[in-house]
S.K.: 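The structure under discussion is supplied below as structure tokens; questions concerning it will follow.
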Amino acid sequence: AQKITQTQPGMFVQEKEAVTLDCTYDTSDPSYGLFWYKQPSSGEMIFLIYQGSYDQQNATEGRYSLNFQKARKSANLVISASQLGDSAMYFCAMRDYSGGYQKVTFGTGTKLQVIP
Amino acid sequence: ETGVTQTPRHLVMGMTNKKSLKCEQHLGHNAMYWYKQSAKKPLELMFVYNFKEQTENNSVPSRFSPECPNSSHLFLHLHTLQPEDSALYLCASSQGGSNEKLFFGSGTQLSVL
């Protein structure tokens, strides 16, 4: 089974609108962390936001917020007031213990295109 | 100066060549990683080094050989690669801890002919 699932290969959003990128995860580890990264065409992966499994509140970082629904095992990224510079690939990732090590597993990504 | 620097940015090599990818981090981190990113596939973790010691080898073929001479430098030596090894190779570093975030370099785009 996939540990991280991103079901949206591509998304379009109008500039200044909000967009939600979906992510579901699967783990039996009670202590885990969820991350979102942005990858522009330059190739570098840029950290956006982190949510710990025991955090009571949803994480927020500027225009980014993480809609964490633990029972549903989902960790959707919400980008408010989209900007043209937000056009990029977005990857959801999870850190948990697997095989005795902490590992970070990535999803396949969602390509977001912001339309002027 | 970026936190994690990778060279070269692009590399084209034949299947009989030997080349090396270099990664340097200026963040004082203790862990360094190699990831492979192929089209339409999730990032694949290849190797992990903690305090210069290899703590994970994710069933990577022996034609990929990592080297970590110190906590700031990481190499990936390549020899007799196959065309399916063409991908973006990303280096990352982290400080450590359960909520550690990864800091990535810009990657090396490798093409094997």
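Because only heavy atoms are used, hydrogens play no part in the values below, and waters and symmetry mates are left out as well, while side chains stay in. A note on names: the letters A, B, ... follow the listed sequences, proteins ahead of strands, and every chain is numbered from 1.
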S.K.: Let me confirm one number: the OH-CZ distance from B/Y35 to A/F106, rounded to the nearest 0.5 Å.
M.R.: 5.0 Å
S.K.: Given a strict heavy-atom distance threshold of 4.5 Å, which part of B/L90 is in contact with chain A: side chain, backbone, both, or neither?
M.R.: side chain
S.K.: Among the clusters formed by ILVMFWY side chains lying less than 4.5 Å apart, do B/L78 and B/F75 turn up in the same one?
M.R.: no
S.K.: With clusters defined by side-chain heavy atoms of hydrophobic residues (ILVMFWY) lying less than 4.5 Å apart, directly or transitively, does B/M32 cluster with B/V48?
M.R.: no
S.K.: Might you point out which heavy atoms bring B/K101 and A/F47 nearest each other, and give the distance in Å?
M.R.: CD-CD2, 3.3 Å
S.K.: What are the two closest non-hydrogen atoms of B/L102 and A/R95, and how far apart are they?
M.R.: CD2-NH2, 4.3 Å
S.K.: Determine, using the 4.5 Å side-chain heavy-atom cutoff (strictly less than), whether A/W36 and A/V13 are members of one ILVMFWY cluster.
M.R.: yes
S.K.: When rounded to the nearest 0.5 angstrom, what distance separates CG in B/L88 from CE in A/M45?
M.R.: 9.5 Å
S.K.: If you compare all heavy atoms of B/R9 against all heavy atoms of A/S42, which two are closest, and at what distance to 0.1 Å?
M.R.: NH2-O, 2.9 Å
S.K.: Side chain from CB out, backbone as N, CA, C, O: work out which of these in A/Q39 comes under 4.5 Å of a heavy atom of chain B, or both, or neither.
M.R.: side chain
S.K.: Quick check: is B/L11 connected to B/V60 through a chain of hydrophobic side chains (ILVMFWY, heavy atoms under 4.5 Å apart)?
M.R.: yes
S.K.: May I ask whether B/V112 and B/V12 are part of the same hydrophobic cluster, defined by side-chain heavy atoms of I, L, V, M, F, W, Y residues being less than 4.5 angstrom apart, directly or through others?
M.R.: no
S.K.: Check this for me: B/E84, atom CD, are more than 12 non-hydrogen atoms of other residues, nucleotides or ligands nearer than 6.0 Å?
M.R.: yes
S.K.: Quick one: of B/Q6, B/Q37, B/Q109, who has the most non-hydrogen atom pairs under 4.5 Å with chain A?
M.R.: B/Q37
